2 protein chains.
Amino acid sequence: MTQRSIGKRGRPTPAERRARDARILDAAWELLLERGFAEVSLDAVAARAGVTKRTLYTAFGDKLALLHAVVRRQHSYAGAGDETGQADALPPADAAAPDPVETAVAIGGALLSDEAVALHRLMISEAGRSPELAAEFHEAGPLAAQQHLVTAGLTPDQAETAFTLLLGELHRRRLLGLDAAPSPSSIRTRAAHAVATALAAHPHP
Amino acid sequence: MTQRSIGKRGRPTPAERRARDARILDAAWELLLERGFAEVSLDAVAARAGVTKRTLYTAFGDKLALLHAVVRRQHSYAGAGDETGQADALPPADAAAPDPVETAVAIGGALLSDEAVALHRLMISEAGRSPELAAEFHEAGPLAAQQHLVTAGLTPDQAETAFTLLLGELHRRRLLGLDAAPSPSSIRTRAAHAVATALAAHPHP
DNA sequence: AATTATTGATACGGCCTAGTATCAATAACG
DNA sequence: CGTTATTGATACTAGGCCGTATCAATAATT
């Protein structure tokens, strides 16, 4: 479509610019998740995006700014629930059937996915370098998920307990690279257990 | 005691070697926790330990081996409960009063401390580079903690639930650098809540 | 059609770091 | 006491990477 043939120089049209920027962010996203910030060179990002480093710098600034742009795009995907195909996207908070267990199933599938865990790991690793980015991630991810559970009818305390139990030790092990992504049926079992325990643990409003 | 005056050369006595190696591990431990693996140079470790890089290499090998040595020493501290003064050390599993809540209080104080959280963050960051080290950390930390709860009278399921709730979202936020270490009273409240919920959530054996 | 902005290709400067080498000094060991 | 291992101090090699510069090419813009 707006795909510019490789090796082509000259001034790009605005549509081509958007497509090129998206390619850069895609390439950076992939490399960051599989190697981490320090191990990704901008040469590698530029090569995978089919772009030279100069274009990369004029479009995003420096390496840290590129990281921020990548993560913030992911945040805008989470909660959108559109056809972006992002594995860590959360369903819209105002879904038709606000059932707590179904909401928990959706959250578990999203946040326990390979991509979401890799992003979580990246944010923990870079929290020292980018504190505000870590805060944004927390709000767009774990906090938003708990808010969805509140929308589904839980109290804030119940939502926090249910969310904690939903991820549980599995999430800790996954952050350490010790476990694979759970199956959908496993996620459903976890979600049901987490919601039931949370309801029993906190008094009704 | 066996402290060699700085700038002194020549063959060291075995006691001096041990003291020197401990100084190196201390220096590496401090720098790793406050800066992370990639941001710590071996020159910085050598300088803080009062040693030259050559000594560092002949004593430990390369940079990755030094990381492993540092983390493994921390593992040997955890569970020892002696006078090492390590903040993430767990009390001995066969303590006199195996009360679940008191055990949970001890675990919470240990694993929610600044040092333990920093180590946890380091292990998550380096899990890709050192999978076996991440596995060892998990066994010596979270798994050992749950085992202590089992020793204190909980079932394995109850222990996992109690441990998960004890750390909870606070631990997630601390990994992201968003929260400070909790007060002892706060830890006690968390421990009591976590154990009570875990007991209620799982059937008695 | 002329101008101007932007890119590709490439190279380079500057900086940092891992790891090694050299040499003199010095103390443990036999 | 002589030998030998080990260290301090320092310099060095090799490599990687960030960020910038140069120059020709090319297409959007006017």
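Proteins get letters first, then strands, A, B, ... in listed order; numbering begins at 1 in each. Predicted, not measured: the structure shown is a model, and the values here were computed from it. Side chains included, hydrogens not; waters and symmetry mates left out as well; all remaining heavy atoms used.
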Could you tell me how far apart A:R11 (CZ) and C:dA5 (C1') are, to the nearest whole angstrom?
4 Å

Expressed in angstrom and rounded to an integer, what is the separation of B:L64 atom CG from C:dT17 atom C1'?
15 Å

Quick check for you: among C:dT6, C:dA18, D:dT7, whose closest atom lies nearest to any side-chain atom of A:R17?
C:dT6

Where along residues 52-61 of chain A does a heavy atom fall under 4.0 Å from DNA chain D?
A:K53, A:R54, A:Y57

Counting C-beta onward and ignoring hydrogens, is there a side-chain heavy-atom pair between B:S125 and A:R121 closer than 4.5 Å?
no

Inspect the contact between A:E16 and A:R11 and indicate whether a charged nitrogen and a carboxylate oxygen are less than 4.0 angstrom apart.
no

Tell me whether the OP1 or OP2 atom of D:dT7 has a side-chain N or O from B:R20 closer than 4.0 Å.
yes

Mind checking side chain to side chain contact (heavy atoms under 4.5 Å, CB included) for B:T52 and listing every partner two or more places apart, or none if nothing turns up?
B:R54, B:T55

Flag the pair A:H68 / A:F60 as yes when at least one side-chain heavy-atom distance between them is below 4.5 Å, and no otherwise.
no

How long is the gap from CD1 on A:I107 to CG on A:L149, to the nearest 0.5 Å?
4.0 Å

Within residues 32-49 of chain B, find the residues that approach DNA chain D with a heavy atom at under 4.0 Å, and present them sorted by residue number.
none

From C-beta outward on B:V51, which listed nucleotide comes closest to its side chain: D:dG8, C:dT6, D:dT6?
D:dG8

If we ignore angles and hydrogens, is there a donor and acceptor under 3.5 Å between the side chains of A:H120 and A:R174?
no

Is the closest basic N to carboxylate O distance between A:R48 and A:D26 below 4.0 Å?
no

Between D:dT26 atom C1' and A:E16 atom CD, what is the distance in whole Å?
12 Å

Side-chain H-bond candidate by donor/acceptor type, B:T155 with B:H202, under 3.5 Å
no

